[in-house]
Colleague: 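Let me give you the structure first, and then I'll get to my questions.
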Amino acid sequence: MFDRYFRISERGSTLGREIRGGLATFFTMAYILVLNPIILGSAEDKSGHRLDTVQLTTATALVAAVMTVVMGIGGNLPLALAAGLGLNAVVAFQIAPLMSWDDAMGLIVVEGLLICVLVVTGLREAVMRAIPQPLKQAISVGIGLFIAFIGFVDAGFVSRIPDAANTTVPVQLGGSGTLTGWPILVFCLGVLLTVGLLARRVKGAILISIVTMTLVAIVINSVADIKSWGLTTPEWPDKVVDTPDFGLLGHFSLFGAFGQTGAITVVLLVFTLILSDFFDTMGTVVGITAEAGLLDEEGRVPHLGRVLLIDGAAAVAGGAASASSATSYIESAAGVGEGARTGFANLVTGGLFGLALFLTPLLTIVPLQAAAPALVAVGFLMMTQVKHIDWDRYDIAVPAFLTIAVMPFTYSITNGIGAGFLAYVVIKTVLGRAREVHWLLWAASALFLVYFAIDPIEQVLGVK
């Protein structure tokens, strides 16, 4: 029955390969159960409220379990889904400070619904054609640097230097210009272990590093006198298994953000989420299916519309559960490498995420210093896209550079995308090639121009 429905034999696979593939995918991407709660849990909303780490772990595991299984059954591809890295950073550090968590998660639901509309109407492909490929790659690289920078800051490897006026100026090494303390040592060893495992092409390298350094941190914490590890202290819990805490489910407000920030800001934030989400998804879907040898003779993904619709629904589910937007994972390539070719592998991966629901106490002892190396590693992996950008063409290279540089330097993904779009439009116009710019890109650039100039515009209009 499974063979007929999932076409396992038809695609040259076996039940054993599908099971091994599902296991490999889970252990390669299970780090999200640790990182997503840390990223979202370390941020405060406009009123200073933080989300509960235990509830975040439950929500992350639940969304990953359900949507991975749905993709397996509905899309029949070995393509697992979970809260997206990069997207959760946008939510935590860009959106939440402007509004309540309920409002921020409501924007994720709106983003997912709009993606579904784009899929149904066929506009998704039109928008994809409008954005030049080098800018898409630059966005990925910029987000990678941003994530890596967050990892360095969260671990305490770098810190802000307050001046006499107590404002933020450039960062320094450690807390005083030098690296001190056992927690920093855990982070440094974690980075070395992670990059070493990645260089050796070890499957599950990121997860292995997180688990190993957490155990090291637990030992160090038990024998050394450490004032603070930050948000999470590595102590073995009283119990490993516990009942899932679904307290965050359903806590979202669809239109509350409009009351907290201006309409233009909300539009730009949703635009940024959509841009980050569906371009990453398209690349992931095509890459995984190509690696699995499932593209047809014209290079098309089987059941692409259905796959993209499920991916959009995953964003809605992520927002509704307060786990941030869920999306397709490139780590699914690990399962494909083990032989997975069908959605049956997703049943295995999703089942393991479901099992993780009951292991929350074990997953919430991971300190930032043990998890942050994964952010650095993911930043590196996203940085590799830079090789595809033609740096000899200024009309491409300058907008790409600004996109990449502005994101970490301003601690804002939105600012980086806007800087790149505006530079692209301006340079094309100066070179007399304005007609090469798609009208959708002109419209987006106009929105970003208003976004950057909102203060003088408000003054001219007498709003301030």
Side-chain angles (χ1 to χ4, degrees), residues 22-43 51 53-69 71 79-92 105 108 143-144 147-148 150-151 154 190 194 198 203-211 213-214 232 244 248 276-277 280-281 284 288 311 314-315 317-319 321-335 346 348-357 359-360 362-368 370-379 381-382:
L23 288 168
T25 295
F26 173 78
F27 286 114
T28 305
M29 62 183 286
Y31 65 83
I32 195 61
L33 295 174
V34 176
L35 284 186
N36 196 48
I38 285 178
I39 291 174
L40 292 177
S42 64
L51 296 178
T53 302
V54 174
Q55 294 178 341
L56 280 171
T57 303
T58 297
T60 303
L62 178 64
V63 173
V66 173
M67 295 315 303
T68 295
V69 170
M71 178 65 80
L79 190 66
L81 299 93
L85 276 174
L87 289 167
N88 54 9
V90 175
V91 176
M105 293 303 170
I108 297 296
I143 292 176
I147 288 174
I150 291 171
D154 284 352
T194 305
L198 286 175
K203 291 181 174 64
I206 291 176
L207 183 63
I208 291 172
S209 174
I210 291 176
V211 172
M213 296 319 300
T214 297
T232 305
L248 288 178
S276 300
D277 196 346
D280 181 69
T281 296
T284 298
I288 295 299
D311 187 87
S322 295
S324 182
S325 181
T327 188
S328 302
Y329 260 57
I330 193 64
E331 285 84 353
S332 302
N346 276 29
V348 178
T349 304
L352 289 172
F353 273 117
L355 180 63
L357 281 168
L359 301 177
T360 300
L362 193 61
L363 297 171
T364 52
I365 64 173
V366 181
L368 282 170
L375 295 178
V376 177
V378 171
L381 294 174
M382 298 180 75

Colleague: Are the side chain of Thr68 and the backbone N or O of Gly350 linked by a donor-acceptor pair below 3.5 Å?
Modeller: no
Colleague: Specify the closest pair of heavy atoms between Met29 and Ala80, including all atoms of both residues, with the distance to one decimal.
Modeller: SD-CB, 3.5 Å
Colleague: State which residues pass side chain to side chain donor-acceptor pair (under 3.5 Å) with Ser324; sequence neighbours excluded, sorted by chain then number.
Modeller: none
Colleague: With rounding to the nearest 0.5 Å, note down the distance linking CG in Asn346 to CE in Met71.
Modeller: 7.5 Å
Colleague: Between Tyr329 and Tyr31, what is the ring plane arrangement, given parallel below 30°, perpendicular above 60°, and tilted in between?
Modeller: tilted
Colleague: For Ser328 and Leu79, which heavy atoms make the closest approach, and how far apart are they?
Modeller: OG-CD2, 3.5 Å
Colleague: Distance-only, no hydrogens or angles: does the Thr58 side chain make a donor-acceptor pair with backbone N or O of Leu357 under 3.5 Å?
Modeller: no
Colleague: When rounded to the nearest 0.5 angstrom, what distance separates OG1 in Thr57 from CG in Leu359?
Modeller: 11.0 Å
Colleague: Can you sort out the partners of Thr194 under side chain to side chain donor-acceptor pair (under 3.5 Å), two or more places apart, ordered by chain and number?
Modeller: Ser209
Colleague: So how far is it from Leu81 CG to Ser325 OG, rounded to the nearest 0.5 Å?
Modeller: 10.0 Å
Colleague: Looking only at heavy atoms, which two atoms of Ala321 and Ala59 are closest? And how far apart?
Modeller: O-CB, 3.2 Å
Colleague: Roughly how far, to the nearest 0.5 Å, is the CG atom of Leu352 from the CG atom of Leu23?
Modeller: 6.0 Å
Colleague: Kindly compute the distance separating CD1 (Ile32) from CD (Glu331), expressed to the nearest 0.5 Å.
Modeller: 8.5 Å
Colleague: Show, in sequence, the C-alpha distance, side-chain angles and deciding distance for Phe353 and Val63, and conclude whether the side chain to side chain contact (heavy atoms under 4.5 Å, CB included) test is met.
Modeller: CA-CA 9 Å; Phe353 273 117; Val63 173; over 6 Å; no
Colleague: Of all heavy-atom pairs between Thr349 and Gly22, which one has the smallest distance, and what is that distance?
Modeller: OG1-O, 2.8 Å
Colleague: If you compare all heavy atoms of Ser332 against all heavy atoms of Thr25, which two are closest, and at what distance to 0.1 Å?
Modeller: O-OG1, 3.7 Å
Colleague: When rounded to the nearest 0.5 angstrom, what distance separates CD1 in Ile210 from CD1 in Ile38?
Modeller: 7.5 Å
Colleague: With no hydrogens and no angle check, is any side-chain donor or acceptor of Asp154 less than 3.5 Å from a backbone partner on Ala372?
Modeller: no
Colleague: If you compare all heavy atoms of Gly151 against all heavy atoms of Leu375, which two are closest, and at what distance to 0.1 Å?
Modeller: CA-CD1, 3.7 Å
Colleague: When you measure from the side chain of Ser42 to the backbone of Ile39, do you find a donor-acceptor pair of N or O atoms at a distance under 3.5 Å?
Modeller: yes
Colleague: Give a yes or no answer on whether the side chain of Thr60 reaches the backbone of Ala323 with a donor-acceptor pair at less than 3.5 Å.
Modeller: no
